[in-house]
Asker: 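Questions regarding the structure given below will be posed in turn.
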Number of protein chains: 2
Amino acid sequence: MAVTIKDVAKLANVAPSTVSRVIANSSRISERTKERVREAMEELGYHPNFNARSLVNQQTNTLGVIIPSSAKIAFQNPFFPEVIRGITSKAYLEKFGLYLSTGQTENEILEEVRQMVQSRRVDGILLLYSKVDDKVINYLIQQDFPFVLIGRPYEAEAMKVSYVNNDNLKAAKTVTEYLLLLGHEHIGFIGGNLDYVVTRDHKEGYQQALHKAGFESKQEYIVYYDEIQEGGQEAVIELMSLKTPPTALVVADDLMALGVLRMLDEMEISVPEEMSVVSFNNVMLSELSSPPLTTVDIHIYELGFQATDCLIKKIHDPKQPTKKVIVPHKFIKRQTCRKRVAQKEISS
Amino acid sequence: MAVTIKDVAKLANVAPSTVSRVIANSSRISERTKERVREAMEELGYHPNFNARSLVNQQTNTLGVIIPSSAKIAFQNPFFPEVIRGITSKAYLEKFGLYLSTGQTENEILEEVRQMVQSRRVDGILLLYSKVDDKVINYLIQQDFPFVLIGRPYEAEAMKVSYVNNDNLKAAKTVTEYLLLLGHEHIGFIGGNLDYVVTRDHKEGYQQALHKAGFESKQEYIVYYDEIQEGGQEAVIELMSLKTPPTALVVADDLMALGVLRMLDEMEISVPEEMSVVSFNNVMLSELSSPPLTTVDIHIYELGFQATDCLIKKIHDPKQPTKKVIVPHKFIKRQTCRKRVAQKEISS
DNA sequence: ATGAAAGCGCTAACAT
DNA sequence: ATGTTAGCGCTTTCAT
């Protein structure tokens, strides 16, 4: 078996508790013994047993990270790697470990979360998505277990939920207004899955901008897709089949926008000449597309970093008031938007 | 505090050991008491304490997942999410948890790995990358700790390392031969970081194909980049500045190929008319680019799944012989390659 | 078929 | 300043 505290104690000629105190660098141990004990630890290659510590301390220094159930789709989206990167940075600084959920369906995940909290496998939980009416959130609230949401809770009841989010409504409103200013009057909206709060916020912002400008937001210009791969493409077909097809598109995220560009390319509709496109997230590949995407940078890394910060604080002091952090976004203009050209000018 | 085995025992009027046996579904407990105990567990909402179990069993049912140090770059690449997805699936099936590395530099990661193994925080380790002369690998070998490599060890000494890999050399050879068959005589090679074994395998395959066809592989056609973002772009500039610029490109991976396409687009070099491009991985966005990428599907998900399978088997039976699994690849022809047109035909 | 007791490796209260 | 001891929650001999 591995070397334990007892072995070190024996070699250093002290009691196990002394060794323990040396590990904690207790001030009640003389420098001389500390020295001796440390040498013994070195010599034996001692490392404290993680489980033993966790057991007695009643804490694991580990954060549970919950990835949405549609992992197949979700994980393809650079959003998740990037949040995790943010989480990772902060967790490393605070010496916390990361424990990843592995469930694929909503129920599997719920069961997993239950395990995590009840078996004390983690000290807190990071939820990487916010769904409308989510069972996991409800469970966590009911258990009063420390957790932080990335996104925002949908239900009003969830006042006590800490979260880190962007102002997605405002972002959507801004890009729509921008398109409006460019003279576009028929603007399509390609949203993600309606179960996600972010989709609803985007839609709301889009509609507010339209209404404010005196336009009616017509149902047929609004389309939702969750399948990123085919999603963008089908959405384009649907919208371009309208009697009056849109001349600009607000797209749920960069990856889907890529699919949109691809489809547009196939249909020989040129971007931005004949169609303007704006999307959200500003993941790296939005710069690599042809043409590069005009998009909203939501600072994904920061979302993860802040959420982790917030969670760890909450773990250290459970009485912390609930916090709502809004990470600012930034509109990035690249090459997929252009002033609208009147129809005749094109067709002539 | 949470409910423990003792509480259950008390309620069911049995000894703690009996409860423990019920959890393990021991055959030595009568159905009647099992029933009673289970009811008590239900009533109290009992869940076994993970750390206590790990402590006595000397196993954690957790796998350590080590992400390469250049996480910033690495994680942007869809390769990693996709391997993790494969890992996740298998881990879930086997009821193993996943513990993620958080270190950013090579040394941080090495230290983390040390912690993981010495503190018994994980039962085995999955290395998601294979670097030439990697300290982590050497440490793991020396500790004789169960681990599986995704990729392959570079040093011959590492005979005892189990790994899951593609035949990257062959894949690179095949695509180069394909380009050769299309009449291309000047084929550029844009590889990833030379520290990674996969890069060396790609280069080797590329060169073998060239030599077999009677061509010399010239140094100036071979270029390495690790920065995905700018990498592809700079590489293109470098290669196109040659006196005889290549008419075809073998690119390290899809993401970088995207950057290449983007740059080519900017330089108004049309793909595939004036330049053929092949890459590796077949991540989802390779289908979304314009034009869609001709690439090699290396079955990333499968790599993760197989590696996890292999590791768990090894954990269950440490005497298992070392295994080398080669996941087959598949050449996916899409729209970035075309027969070479003689120079004059274009310029005329 | 079940209970009692020891022990996994560590920390912390209580001695001294 | 250091040692003794109990106990975290569980599993596993060893009894009965």
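Numbered from 1 within each chain, the chains take letters A, B, ... in sequence-line order.
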Asker: With A:Glu112, which residues qualify under side-chain hydrogen bond (donor to acceptor under 3.5 Å, both in side chains), at least two apart?
Answerer: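 side-chain hydrogen bond (donor to acceptor under 3.5 Å, both in side chains) check on A:Glu112 returns A:Thr102.
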Asker: Nearest nucleotide by nearest heavy atom, which residue falls closer to the 5' end of DNA chain C, A:Tyr46 or B:Ala15?
Answerer: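 Taking each residue's closest nucleotide, the earlier one in sequence belongs to B:Ala15.
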Asker: Under a 3.5 Å cutoff, is there a donor and acceptor pairing between the side chains of B:Asp123 and B:Thr60?
Answerer: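 Short answer, yes.
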Asker: What are the residues of residues 6-14 of chain A, sorted by number, that bring a heavy atom to within less than 4.0 Å of DNA chain D?
Answerer: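 Per residue number, the list reads A:Asn13, A:Val14.
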Asker: Dump every N/O contact between nucleotides 12-15 of chain C and the protein below 3.5 Å, one line per pair.
Answerer:
{"unit_1": "C:dA13", "atom_1": "N6", "unit_2": "A:Arg21", "atom_2": "NH2", "d": "2.8"}

Asker: Have a look at the helix from C:dA1-D:dT16 to C:dT16-D:dA1 and give the angle its two end axes make, five pairs each, rounded to 10 degrees.
Answerer: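 The angle, to the nearest 10 degrees, is 40°.
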Asker: Tell me every residue that passes side-chain hydrogen bond (donor to acceptor under 3.5 Å, both in side chains) with A:Thr33, counting only those two or more places apart in sequence or in another chain.
Answerer: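 With sequence neighbours excluded, A:Thr33 shows a side-chain hydrogen bond (donor to acceptor under 3.5 Å, both in side chains) to A:Ser30, given in chain and number order.
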Asker: Could you tell me which residues satisfy side-chain contact (heavy atoms from CB on, under 4.5 Å) with A:Ser89, sequence neighbours excluded, listed by chain and number?
Answerer: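 Applying side-chain contact (heavy atoms from CB on, under 4.5 Å) to A:Ser89 gives A:Tyr301, A:Phe305, B:Gln104.
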Asker: What nucleic acid atoms does A:Phe50 come within less than 4.0 Å of, heavy atoms only: base, sugar-phosphate, or nothing?
Answerer: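 If one applies the 4.0 Å heavy-atom cut-off, A:Phe50 turns out to touch nothing in the nucleic acid.
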Asker: Could I get the full list of side-chain hydrogen bond (donor to acceptor under 3.5 Å, both in side chains) partners for A:Ser130, not counting sequence neighbours?
Answerer: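 A:Ser130 satisfies side-chain hydrogen bond (donor to acceptor under 3.5 Å, both in side chains) with no residue once adjacent residues are dropped.
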Asker: May I have all residue pairs that pass salt bridge (charged side-chain N to carboxylate O under 4.0 Å, His left out) and include part of residues 10-33 of chain A, sequence neighbours excluded?
Answerer: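 For residues 10-33 of chain A, and leaving out neighbouring residues, the salt bridge (charged side-chain N to carboxylate O under 4.0 Å, His left out) pairs sorted by first residue read A:Glu31-A:Lys34.
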Asker: List in numerical order all residues of residues 30-43 of chain B for which some heavy atom is under 4.0 Å away from an atom belonging to DNA chain D.
Answerer: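 Going residue by residue through residues 30-43 of chain B, none turns out to have a heavy atom under 4.0 Å of DNA chain D.
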Asker: How would you list, by chain and number, every residue that makes a side-chain hydrogen bond (donor to acceptor under 3.5 Å, both in side chains) with B:Thr62, sequence neighbours excluded?
Answerer: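 In terms of side-chain hydrogen bond (donor to acceptor under 3.5 Å, both in side chains), with neighbours along the sequence ignored, B:Thr62 is linked to A:Arg121.
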Asker: Can you confirm whether the side chains of A:Lys324 and A:Ser162 place a donor and an acceptor under 3.5 Å from each other?
Answerer: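 No.
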Asker: Looking at residues at least two apart in the chain, or sitting in another chain, which of them share a side-chain contact (heavy atoms from CB on, under 4.5 Å) with A:Asn57?
Answerer: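 A:Asn57 satisfies side-chain contact (heavy atoms from CB on, under 4.5 Å) with A:Arg53, A:Gln59 once adjacent residues are dropped.
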Asker: Excluding sequence neighbours, so at least two apart, what forms side-chain contact (heavy atoms from CB on, under 4.5 Å) with A:Asp317?
Answerer: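 A:Asp317 satisfies side-chain contact (heavy atoms from CB on, under 4.5 Å) with A:Lys319, A:Gln320 once adjacent residues are dropped.
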Asker: If you count every heavy atom of other residues, nucleotides or ligands that lies below 6.0 Å from B:Glu42 atom CD, does the total exceed 12?
Answerer: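 No, the 6.0 Å shell around CD holds no more than 12 heavy atoms from other groups.
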Asker: Of B:Ile315, B:Leu126, B:Val161, B:Leu63, which is the lone residue that meets side chain to side chain contact (heavy atoms under 4.5 Å, CB included) with B:Phe147?
Answerer: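 Exactly one candidate clears the test, B:Val161.
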Asker: Nearest of D:dG3, D:dT2, D:dC10 to any side-chain atom of B:Asn49?
Answerer: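 Of D:dG3, D:dT2, D:dC10, D:dC10 is nearest to the side chain of B:Asn49.
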